[in-house]
Amino acid sequence: MEFLRRYPRLTTLAAFLVLAVLLSSPRLLGASFYVADDWHDVEIFFWDFWWLGEALRTGQDPWFTTAVFYPEGTSLGFHPTGFLYGLISLPFQMLLGVGVGVVLAYNFITLASLSLAAWFVYLLARRLGAGELPAFLAGLIYSFSAYHFWHLGRLHVGGIEFLPLFMLALLGLVAREVRPWRAGLATGGAGVLLLYSSLTNFSSAILMTVCLAGVFLVEDRRCLLRRRVLGGAAVAAAVILLAALPFLHAWLIYPPPVQGARSVAENTTYSADLLGYVVPGRNSVPYGFLAPLLDATHTVRGEETFTGFLPWLLLPFAFMGGRRPRPWGWLILAAVFGVLSLGPFLKVLGHETGLLLPYRLLYELVPLLKVNRTPVRYAAPFLLFLAVLAGLGARHLQQRFPRRWVMPLLLLVGLGEGLFHVPLTPRQEAPAVYALVAESDGVVINVPLYHARVDRRLMYHQIFHGRPVTTACIPRASDTPHHLIEGTQLRACLLDGAACPRADPATVAGEISRLKVSWVLVHTRYMEPAAAAAVDLLLRGAGAQERIDDPAEIRAYRFQPW
């Protein structure tokens with residue numbers, strides 16, 4: 001008890017960590033399971049972790065790789081690598097090996113994200129005047145939410161733990177009790193953490209800064225013009241710009257393809273639904289039974305924005321405090337990002353109404369919005385501000401009804417609404433044939449070609465054999481690697497088994513030699529039997545030395561070392 005009294009903040013962090021373990025799945029403590037790949041992009045991040053370790057070990061530039069799209073390679077400047085998370089994974093890889101290390105590191109990062117996101121919101125709510133338990137409730141609402149659980153398999157989206165830290169640091173810039181240079185360093189440091197963990201959330205932080213500055217200008221026009229505030233902001237900007245130099249270097253030396261403006265139709269597809277915030281989805285444990293009854297087809301996947309009902313019930317109480325200033329600014333911030341998350345046109349339960357929203361007007365004016373494909377991701381800052389308001393509402397409710405059972409009841413409801421079914425996938429063992437592939441030189445071609453879901457899975461497979469491959473699933477990769485085997489008879493056959501009878505085996509053999517291919521790995525589970533048989537006939541005719549049938553449904557064709 002003495003420790004609890006002396007270190008209440010650390011005790012709160014430990015409590016959030018325990019809840020993260022209990023509410024996600026205790027199986028995430030080990031490396032036998034991980035967040036299901038069929039759900040999102042977790043196996044791409046396994047590859048990202050491996051590539052960062054490989055690049056640092058061999059002295060290569062981590063922002064460019066020839067491990068995929070060989071031999072041209074591709075820039076990783078705009079690829080969501082989660083560089084910070086990759087650094088965290090390195091000790092796990094060194095101590096446990098790559099196969100186990102990347103999975104255990106990912107699970108560790110998942111639990112850390114859940115607990116830190118809740119803790120930073122707790123600190124933010126405490127900073128704004130919420131009591132101990134109301135601030136704890138705010139952390140629960142933000143971190144143990146459908147949005148966070150849904151995106152645990154996508155670190156560049158689900159890594160929302162540093163958004164409240166950044167907001168907390170921004171408030172320090174205008175606080176008189178904090179020295180400007182310290183506030184600037186704290187804000188810059190939080191910005192750097194966002195930059196190197198998630199470009200998605202870093203861009204949201206930029207918009208958060210602009211919106212918060214607007215709120216401050218309305219409340220106190222001279223606030224942002226004070227020397228101490230300008231000085232702290234300059235320090236923060238300098239820290240972020242200096243830390244961004246490796247990114248700028250990658251973009252200049254290895255420029256990724258220029259991303260054109262996303263179409264309005266694409267933005268609409270990946271927008272939140274108006275009722276998605278209050279209609280539960282099937283993966284909500286307490287309310288999942290309601291989803292089929294309500295025909296919940298809202299949002300992209302159907303349930304990622306559901307906030308629970310408790311924040312909305314507490315919201316009015318946030319404005320019922322005594323003499324303290326009412327948090328209208330936070331409500332404005334929540335409204336801004338909530339409306340932005342709805343995208344260009346209003347959707348209601350999956351149906352597009354055609355009603356124009358502010359996002360459509362800003363689309364032509366704000367470059368950050370013009371290249372954005374997924375407005376629903378602005379649900380993260382919306383949820384942050386909503387959680388803080390709910391914490392303040394819980395405090396005022398506690399003051400109006402000073403009963404001992406009020407806060408325990410609210411916490412119990414908050415915990416219940418935080419229960420969310422998280423699908424897990426058993427960790428794969430390396431297919432036996434990969435030991436032979438790892439000992440060889442040359443390039444590996446994976447079949448089928450250009451299949452995003454298969455390519456994600458096979459990027460994970462690459463960490464077991466380590467040989468360069470000709471294709472991969474790298475978002476915003478350079479354009480040229482996709483043309484590596486364009487125009488070849490080999491590509492035509494591997495892409496469509498029906499083209500194999502028209503291919504000349506001798507020509508294909510020459511193409512394999514020119515591309516320095518030593519293995520063609522045909523993953524039959526993802527192919528029609530007829531196509532797999534046609535590819536088999538051609539590769540044998542093109543000079544494959546042997547075919548090894550691995551139990552993991554892989555036909556491995558070895559070719560003469562080039």
Side-chain angles (χ1 to χ4, degrees), residues 41-106 108-109 154-156 159 192-200 202 242-257 430 434 437-444 446 455-482 484 516 518:
D41 303 326
V42 60
E43 292 186 338
I44 294 181
F45 283 94
F46 291 164
W47 182 90
D48 292 338
F49 293 172
W50 166 77
W51 167 248
L52 179 60
E54 189 74 6
L56 296 179
R57 182 180 63 83
T58 58
Q60 301 181 64
D61 190 334
W63 305 106
F64 185 87
T65 181
T66 55
V68 297
F69 302 126
Y70 185 87
E72 283 90 347
T74 185
S75 168
L76 300 176
F78 278 103
H79 174 60
T81 56
F83 191 85
L84 173 65
Y85 301 127
L87 292 177
I88 294 173
S89 78
L90 295 180
F92 293 90
Q93 296 185 56
M94 291 187 291
L95 293 175
L96 303 171
V98 174
V100 174
V102 295
V103 175
L104 193 58
Y106 198 99
F108 171 81
I109 291 167
R154 315 179 75 196
L155 289 179
H156 64 297
V192 171
L193 291 174
L194 278 168
L195 176 66
Y196 279 93
S197 60
S198 168
L199 285 175
T200 295
F202 179 74
L242 286 174
L245 289 178
F247 266 122
L248 298 175
H249 166 79
W251 296 340
L252 292 173
I253 304 301
Y254 315 116
Y434 286 173
V437 177
E439 294 174 356
S440 65
D441 295 323
V443 185
V444 170
N446 285 305
D455 281 339
R456 287 187 298 183
R457 174 61 53 86
L458 299 184
M459 288 177 70
Y460 178 35
H461 283 206
Q462 187 183 15
I463 75 176
F464 296 117
H465 61 71
R467 301 309 309 153
V469 297
T470 58
T471 57
C473 181
I474 300 287
R476 290 165 291 279
S478 302
D479 290 329
T480 52
H482 295 284
L484 173 64
K516 301 181 179 179
S518 57

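When a residue number appears, it is its place in the shown sequence, counting from 1.
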Listed partners of [X] passing side-chain contact (heavy atoms from CB on, under 4.5 Å), at least two apart:
{"X": "Pro468", "answer": "Tyr70"}
{"X": "Ala430", "answer": "Phe464"}
{"X": "Leu195", "answer": "Leu199, Phe202, Ala244, Phe247"}
{"X": "Leu242", "answer": "Leu245"}

[X] side, atom [atom1]; [Y] side, atom [atom2] - distance, nearest 0.5 Å:
{"X": "Thr74", "Y": "Phe64", "atom1": "OG1", "atom2": "CZ", "answer": "6.5 Å"}
{"X": "Asp41", "Y": "Leu155", "atom1": "CG", "atom2": "CG", "answer": "10.0 Å"}
{"X": "Trp51", "Y": "Met459", "atom1": "CH2", "atom2": "CE", "answer": "11.0 Å"}

For [X], enumerate each residue passing the side chain to side chain donor-acceptor pair (under 3.5 Å) test, keeping only those at least two apart in sequence or located in another chain.
{"X": "Trp47", "value": "Gln462"}
{"X": "Ser198", "value": "Asn201"}
{"X": "Tyr434", "value": "His461"}
{"X": "Ser440", "value": "Trp519"}

Worksheet item: Within the distance-only criterion (no hydrogens, no angle test), does the side chain of Arg457 pair as donor or acceptor with the backbone N or O of Glu43 below 3.5 angstrom?
Response: no
Fill in: Main-chain N/O of Ser75 paired to Trp63 side chain as donor or acceptor, under 3.5 Å
no
Worksheet item: Counting only heavy atoms not in Phe108, do more than 12 fall under 6.0 Å of its CZ?
Response: no
Discussion item. If I compare all heavy atoms of Glu54 with all of Arg57, which pair ends up nearest, and what's the gap?
Written reply: OE2-NH2, 2.7 Å
Worksheet item: Do you know the tightest heavy-atom contact between Asp61 and His249?
Response: OD2-NE2, 3.7 Å
Which side-chain N or O atoms in residues 87-105 pair as donor and acceptor under 3.5 Å with protein atoms at least two apart or in another chain?
{"from": "Ser89", "atom 1": "OG", "to": "Gly86", "atom 2": "O", "distance (Å)": "2.6"}
{"from": "Ser89", "atom 1": "OG", "to": "Gln93", "atom 2": "NE2", "distance (Å)": "3.0"}
{"from": "Gln93", "atom 1": "NE2", "to": "Phe49", "atom 2": "O", "distance (Å)": "3.0"}

Worksheet item: Taking it one step at a time, do Phe45 and Tyr106 satisfy side chain to side chain contact (heavy atoms under 4.5 Å, CB included)?
Response: CA-CA 8 Å; Phe45 283 94; Tyr106 198 99; 3.7 Å; yes
